[in-house]
Amino acid sequence: MRATAKAHTNIALIKYWGKRDEQLITPMNNSLSLTLDGFYTTTTVEFHEDRKEDTFILDEEQIHGVAYQRVTDYLDFIRIYADKPNLYASVNSINAVPTAAGFASSASGFAALAAAATRALDLTVSDKELSRLTRQGSGSACRSIYGGFAEWEQGSLADGSDSYAVPIAPANHWDIRVAAVVLSATMKDVSSREGMKRTVDTSVFYPGWVKHIPTDLKNIKAAIDARDFELVGQIAEANCLKMHATTLGANPPFTYWHDTTMAVMQTVQAMRKSGIPAYFTIDAGPNVKVLYLPEHEEIVQKTLIETSGVTDVILSRPGQGISYI
Ligand code: PMV
């Protein structure tokens with residue numbers, strides 16, 4: 001009753017922003033991501049007949065409080081699914097992500113947890129089913145089941161059973177790169193959960209966001225298929241800006257950007273002016289991720305690290321989907 005799984009995090013090129021159902025974690029819109037090889041979590045789950053509670057160790061430290069609660073709540077969900085209500089587990093996770101960098105991701109964490117827990121219970125689940133189960137731990141994590149490009153289909157059923165990710169193109173389809181830019185200011189004061197909710201409930205710009213998603217998705221899928229880097233970059237950057245614009249129309253308004261976030265955005269735009277195709281995207285926090293091509297790696301890395309307020313630049317290639325160890 002023991003299994004170990006490894007999952008990589010993913011970066012959304014078309015963002016998931018807004019929940020249709022808070023409990024089921026179903027989204028208001030489809031989203032599309034690239035799985036990254038540089039950031040991953042390895043998790044071992046072992047179920048024990050004689051335990052009365054779960055334990056959670058992360059990076060060799062016993063975890064209590066909110067982070068523990070999220071893991072044990074998720075295991076409750078898996079226990080109900082597996083019809084094993086009284087079987088408690090020890091969970092041991094290692095994040096291959098510089099934790100201090102503020103990139104510790106719930107995506108790789110919940111994908112690895114879902115995969116290891118279901119495997120430890122000997123459940124036979126398809127990728128689609130695993131994605132659906134992972135979604136209920138953390139929405140964006142459901143895309144990390146697959147390597148390369150994946151799309152999370154929002155679904156329409158009230159029970160969420162048709163809301164899961166599907167593969168779009170494998171990691172070896174296209175060697176595009178992502179630089180994760182670490183900033184000195186990394187604290188996020190509005191969680192993605194709270195930020196989305198406030199935006200859906202109050203932002204005057206939210207209807208515009210939802211309306212434009214099908215066009216962005218259609219165009220980016222064609223561009224990925226054609227390996228058209230500039231088009232993928234333009235669509236991803238514009239989609240990110242639209243998502244962040246919705247937060248300014250919320251009540252009360254908020255933004256995830258810091259001055260250094262904007263400095264990096266300007267650096268990327270200046271690189272483009274000088275002929276280096278590079279595009280940025282930003283999630284629910286101040287850090288920036290930059291898309292570029294392998295032949296520009298050296299100059300992109302150097303230019304980013306020289307930007308004031310940048311403390312580190314971590315380079316990634318397209319990553320693989322779930323694996324078991
Ligand atoms: O799944 P969550 O709650 O971590 O939300 C992720 C939201 C964004 O990162 C902003 C966008 C995305 O699609 O990953």
I'd like to know whether I176 forms a side-chain contact (heavy atoms from CB on, under 4.5 Å) with R227, so could you lay out the CA-CA distance, the side-chain angles of the two residues, the decisive distance to 0.1 Å, and finally the verdict.
CA-CA 9 Å; I176 66 173; R227 299 189 186 87; over 6 Å; no
Any sub-3.5 Å donor-acceptor pair from [X]'s side-chain atoms to [Y]'s backbone N or O?
X    : Y    : result
S140 : A107 : no
T42  : K6   : no
R317 : P294 : no

Step through the shown structure and confirm whether more than 12 heavy atoms of other residues, nucleotides or ligands are within 6.0 Å of [atom1] on [X].
X    : atom1 : result
K128 : NZ    : no
Y292 : OH    : yes
R119 : CZ    : no
M1   : CE    : yes
Q23  : CD    : no

Which value, rounded to the nearest 0.5 Å, describes the distance between [X] atom [atom1] and [Y] atom [atom2]?
X    : Y    : atom1 : atom2 : value
T261 : I282 : OG1   : CD1   : 6.0 Å
S33  : K15  : OG    : NZ    : 9.5 Å
I80  : D83  : CD1   : CG    : 10.0 Å
C240 : D283 : SG    : CG    : 8.0 Å
N10  : L34  : CG    : CG    : 8.5 Å
L130 : L123 : CG    : CG    : 10.5 Å

Do [X] and [Y] share a hydrophobic cluster, counting only Ile, Leu, Val, Met, Phe, Trp and Tyr and linking them when any side-chain heavy atoms are less than 4.5 Å apart?
X    : Y    : result
V313 : I299 : yes
I78  : I25  : no
L113 : I94  : no
V125 : L24  : no
I305 : M262 : yes

Are L291 and K289 close enough, and set up right, to give a side-chain contact (heavy atoms from CB on, under 4.5 Å), and what steps lead you there?
CA-CA 7 Å; L291 301 165; K289 302 217 171 58; over 6 Å; no
Testing S106, S144, S108, S192 for side chain to side chain donor-acceptor pair (under 3.5 Å) with S138, which one passes?
S106
Side chain to side chain donor-acceptor pair (under 3.5 Å) with N29: which of Y16, W152, W209, W17?
W209
Using a strict 4.0 Å threshold on nitrogen-to-oxygen distance, state whether D73 and R70 make a salt bridge.
no
Under a 4.0 Å N-O cut-off, is there an ion pair linking E306 with K302?
yes
Is a donor from one side chain sitting under 3.5 angstrom from an acceptor on the other, for [X] and [Y]?
X    : Y    : answer
N95  : T41  : yes
Y81  : E129 : yes
D54  : T72  : yes
S163 : T26  : no

Do [X] and [Y] come within less than 4.5 Å of each other through their side chains, counting heavy atoms only?
X    : Y    : value
I235 : L13  : no
I224 : L32  : yes
F56  : S93  : yes
E153 : Y164 : yes
Y146 : D127 : yes
S308 : T260 : no
L75  : Y88  : no
V181 : F280 : no

Write out all pairs satisfying ring pair (Phe, Tyr, Trp, His ring centres under 6.0 Å) with one or both partners inside residues 300-325, taking only residues at least two apart or from two chains.
none
So, for [X] and [Y], which heavy atoms are closest and what is the spacing to 0.1 Å?
X    : Y    : answer
F47  : A117 : CE1-O, 3.7 Å
A115 : T118 : O-OG1, 3.1 Å
T247 : H244 : OG1-O, 2.7 Å
A89  : R79  : N-NH1, 4.3 Å
S131 : I145 : CA-CG1, 3.6 Å
V45  : A116 : CG2-CB, 3.7 Å

Who pairs with T44 by side-chain hydrogen bond (donor to acceptor under 3.5 Å, both in side chains), at least two apart in sequence or on another chain?
T4
Parallel, tilted or perpendicular for Y74 and F77, by the 30°/60° rule?
tilted
Acceptor/donor pairs from residues 268-279 side chains to any protein atom, 3.5 angstrom cut, sequence neighbours excluded:
{"residue": "R272", "atom": "NH1", "partner": "E237", "partner atom": "OE1", "Å": "2.8"}
{"residue": "R272", "atom": "NH1", "partner": "A278", "partner atom": "O", "Å": "2.8"}
{"residue": "R272", "atom": "NH2", "partner": "E237", "partner atom": "OE2", "Å": "2.9"}
{"residue": "S274", "atom": "OG", "partner": "M271", "partner atom": "O", "Å": "2.8"}

Evaluate L36 against H8 for side-chain contact (heavy atoms from CB on, under 4.5 Å), listing each step before the verdict.
CA-CA 6 Å; L36 302 178; H8 293 87; 5.8 Å; no
Check the pair T199 / F205 against side-chain contact (heavy atoms from CB on, under 4.5 Å), numbers first and verdict last.
CA-CA 8 Å; T199 307; F205 302 143; over 6 Å; no
Quick one: which residue pairs count as a salt bridge (charged side-chain N to carboxylate O under 4.0 Å, His left out) with a foot in [range], not counting sequence neighbours?
range            : result
residues 136-145 : none
residues 22-51   : R2-E46
residues 190-205 : E194-R198, K197-D201

